[in-house]
Amino acid sequence: MKKITLALLGMLSAMGWSQTTYNSTDFASINDTFIVSNATTLAALDFTVAGPNVAWDYSALSPNTQDNLLWENPNSTGYKTSWCFSNNYLFNCNSQFNANFNLATKQLEGLQIQGFGLTNAYMHSKLSTATFANKMIGANVTVTGLTLPFTVTYTVPDVLYQFPMNYSDTYSNPTTLAFDLNTLNVPLSYNSVGTRANEVEGWGSLITPFGTFASVLKLKSTLTEDITVVLQGQTTTQTQTTISYKWFDPAYGIPVLEVSGQEVAGVWTPTTATYIDIQRCLPPVALFVNFPVAADYDPTTQTASVSFINLSSNFDVSDWDFGDGTAHSSVKNPTHNFTCPGNQQVTLTVTNSFCDPDETDTITIPVLITDTQNAFTTGVTVSDISLTADRTLTGTTYQWLDCDNGNAVIVDATGPSYTPTVTGNFAVQLTTNGCTAVSDCYAWTNLATPNFYDNSGMRLYPNPTTGQLELPQGSLQVTKVYVYNALGMLVGNSLDLSANATGVYLVRLETQKGLFTQKVIKE
């Protein structure tokens with residue numbers, strides 16, 4: 001039986017209703033971890049109430065999802081080298097990096113935009129005795145199967161807080177963020193110029209589903225931005241105002257409650273609420289995206305690489321079935337190499353093992369693997385002497401079929417080319433990388449061909465002959481011999497025609513470099 005240990009609720013303290021101060025030393029530090037719940041049903045609650053000695057009661061918040069918020073050492077996020085290189089700090093990288101950043105948090109697991117992927121995004125920040133500011137974003141971008149790290153430094157850092165934080169404090173700071181991913185073959189550029197205005201507009205007590213916080217400060221933060229986005233050559237501009245209300249308790253390194261939303265035409269609408277909480281058993285919801293949206297099969301590598309972003313919620317275990325018979329993957333955000341084109345039914349199952357019993361959810365989405373180079377063609381070329389499969393991928397196996405006999409297997413017809421011995425309709429079954437397809441049926445009526453000599457000077461002699469045929473010395477090695485009569489019937493598999501009746505024959509030779517066919521007269 002799983003044991004769920006609940007955190008001690010009831011945060012009432014002897015401080016009573018006195019107002020508090022929040023200092024930089026109260027803020028989070030490296031390795032601090034917080035469980036936060038996210039709620040979206042907010043319309044019935046008023047988050048705008050401000051002033052002194054307020055009793056805010058938001059116990060009606062209902063969590064939909066939960067996350068673990070971890071504050072990390074910026075040196076461990078993997079973006080230091082990229083940042084130093086982009087800023088030409090080649091010989092003083094460590095000192096410059098550590099002077100600029102001392103805290104980092106993961107912002108998102110992944111994002112798919114217009115066929116390219118953005119993953120493992122981290123915000124890199126600087127906490128000082130006077131301020132806390134966001135200064136750089138590091139992320140991985142994936143395009144056509146290649147993943148590269150990139151960093152974006154704020155032209156003007158975004159100062160989220162000034163310390164010490166006291167009731168009635170007001171201040172504002174400019175912020176600018178711009179980046180251009182076109183140098184990474186991603187058709188996206190972004191530019192934001194804004195101002196963040198903060199006001200500590202209230203103090204009092206706060207109740208959330210987690211418990212009661214006896215002495216908190218309420219901060220109103222208004223971020224107004226002029227944003228320009230150029231995506232795929234199309235430019236979009238907008239002015240956006242985001243208002244966030246945050247409640248701070250000195251005992252916690254992050255806001256114990258944060259509610260955000262957009263203000264449009266003077267009306268603010270809350271859209272998200274995040275608050276410190278205990279771990280809860282919430283039903284998992286499976287969801288993922290893939291990029292590229294349609295991966296193209298590469299005949300050289302004989303694969304198509306697809307990356308997956310797990311957008312599921314309330315889970316701690318992932319199980320991926322890529323629909324192609326390969327082993328499952330438990331990686332959260334895997335990359336998989338498909339070896340066959342077509343629609344692959346990819347299934348993700350996520351589990352919340354905190355629940356007792358475990359709770360799971362599953363989603364299946366078709367992932368398209370294209371074949372623009374037609375490497376998996378099922379076409380057949382019909383010539384005077386044979387039927388030849390057009391597919392030439394290494395490792396392909398062939399089996400010719402008799403369409404007029406229910407696609408019956410033709411014994412020993414397992415090469416890329418086949419010369420029927422009777423008039424009829426024929427197809428070929430092709431198998432590459434374990435993927436099997438059958439061509440259309442092709443009619444075969446031509447059982448006689450003109451005399452032919454290839455450019456190697458290869459020929460059969462004597463012609464006419466009374467029996468044994470010979471090849472010039474140094475000719476190509478013959479692997480198979482077929483002798484057909486004038487009706488197209490296979491009457492022998494040897495160059496010795498001594499036992500054959502007088503007449504005209506078609507002798508077909510298979511060599512290591514191809515086919516050779518010659519008309520021979522038997523006297």
With a 6.0 Å cut-off on ring centres, are Trp247 and Phe213 close enough? no
Between Tyr58 and Tyr275, is the ring centroid distance below 6.0 Å? no
Have a look at Asn38 and tell me which of Asp67, Asp277, Thr272 forms a side-chain hydrogen bond (donor to acceptor under 3.5 Å, both in side chains) with it. Asp67
Residue from Thr397, Thr396, Thr394 passing side-chain hydrogen bond (donor to acceptor under 3.5 Å, both in side chains) with Thr432: Thr396
How long is the span from the [atom1] atom in [X] to the [atom2] atom in [Y], to the nearest 0.5 Å?
X	Y	atom1	atom2	result
Met165	Leu219	CE	CG	5.5 Å
Gln107	Asn134	CD	CG	7.0 Å
Leu223	Glu263	CG	CD	12.0 Å

Residues Ser353, Asp316; criterion side chain to side chain donor-acceptor pair (under 3.5 Å); working and verdict: CA-CA 7 Å; Ser353 62; Asp316 55 358; 2.4 Å; yes
If you define the side chain from C-beta out and look only at heavy atoms, does anything of [X] sit under 4.5 Å from [Y]?
X	Y	answer
Leu311	Phe288	no
His336	Asp324	yes
Val200	Asn166	no

Short side-chain to backbone donor-acceptor contact, [X] and [Y], under 3.5 Å:
X	Y	answer
Asn92	Gln96	no
Ser329	Val331	yes
Thr303	Ser305	no
Asn433	Cys435	no
Thr208	Ser59	no
Ser205	Ser215	no
Asp390	Thr392	no
Lys218	Gly204	no
Asp321	His328	no
Asp361	Ala286	yes

Does the side-chain contact (heavy atoms from CB on, under 4.5 Å) test come out yes or no for Leu257 and Leu61, once each step is laid out? CA-CA 11 Å; Leu257 171 64; Leu61 288 169; 4.0 Å; yes
What are the two closest heavy atoms between [X] and [Y], and how far apart are they?
X	Y	result
Thr105	Trp71	CG2-CE3, 3.1 Å
Thr271	Leu42	C-CD1, 3.7 Å
Val346	Phe338	CG2-CZ, 4.0 Å
Lys126	Asn102	CA-OD1, 3.4 Å

Would you check, one step at a time, whether the test side-chain contact (heavy atoms from CB on, under 4.5 Å) holds for Phe150 with Thr183? CA-CA 11 Å; Phe150 77 98; Thr183 56; over 6 Å; no
Between Thr237 and Thr228, is a side chain to side chain donor-acceptor pair (under 3.5 Å) present by the stated rule, with each step listed? CA-CA 4 Å; Thr237 61; Thr228 301; 5.7 Å; no
Quick one: do Lys220 and Glu199 make a salt bridge, cutoff under 4.0 Å? no
Start with the C-alpha distance between His124 and Lys135, add both sets of side-chain angles, then the distance that settles side-chain contact (heavy atoms from CB on, under 4.5 Å), and finish with yes or no. CA-CA 6 Å; His124 296 70; Lys135 301 189 67 178; 5.9 Å; no
Could you list the residues that satisfy side-chain contact (heavy atoms from CB on, under 4.5 Å) with Pro250, not counting sequence neighbours? Thr20, Tyr22, Asp26
Under the side-chain contact (heavy atoms from CB on, under 4.5 Å) criterion, do Phe97 and Tyr89 qualify, and how do the steps go? CA-CA 9 Å; Phe97 190 83; Tyr89 296 133; over 6 Å; no
Other residues, nucleotides, ligands: >12 heavy atoms within 6.0 Å of Tyr171 OH: yes
Does atom CD of Gln234 have more than 12 heavy-atom neighbours, drawn from other residues, nucleotides or ligands, at distances under 6.0 Å? no
Taking ring pair (Phe, Tyr, Trp, His ring centres under 6.0 Å) as the cut-off, I'd like each qualifying pair that reaches into residues 223-246, sequence neighbours left out, listed once. Tyr245-Trp268
Could you verify whether a donor N or O on one side chain and an acceptor N or O on the other, from Asn198 and Ser221, lie under 3.5 Å apart? yes
Run Asn314 and Thr65 through side chain to side chain donor-acceptor pair (under 3.5 Å) and show every step you take. CA-CA 6 Å; Asn314 305 326; Thr65 62; 4.9 Å; no
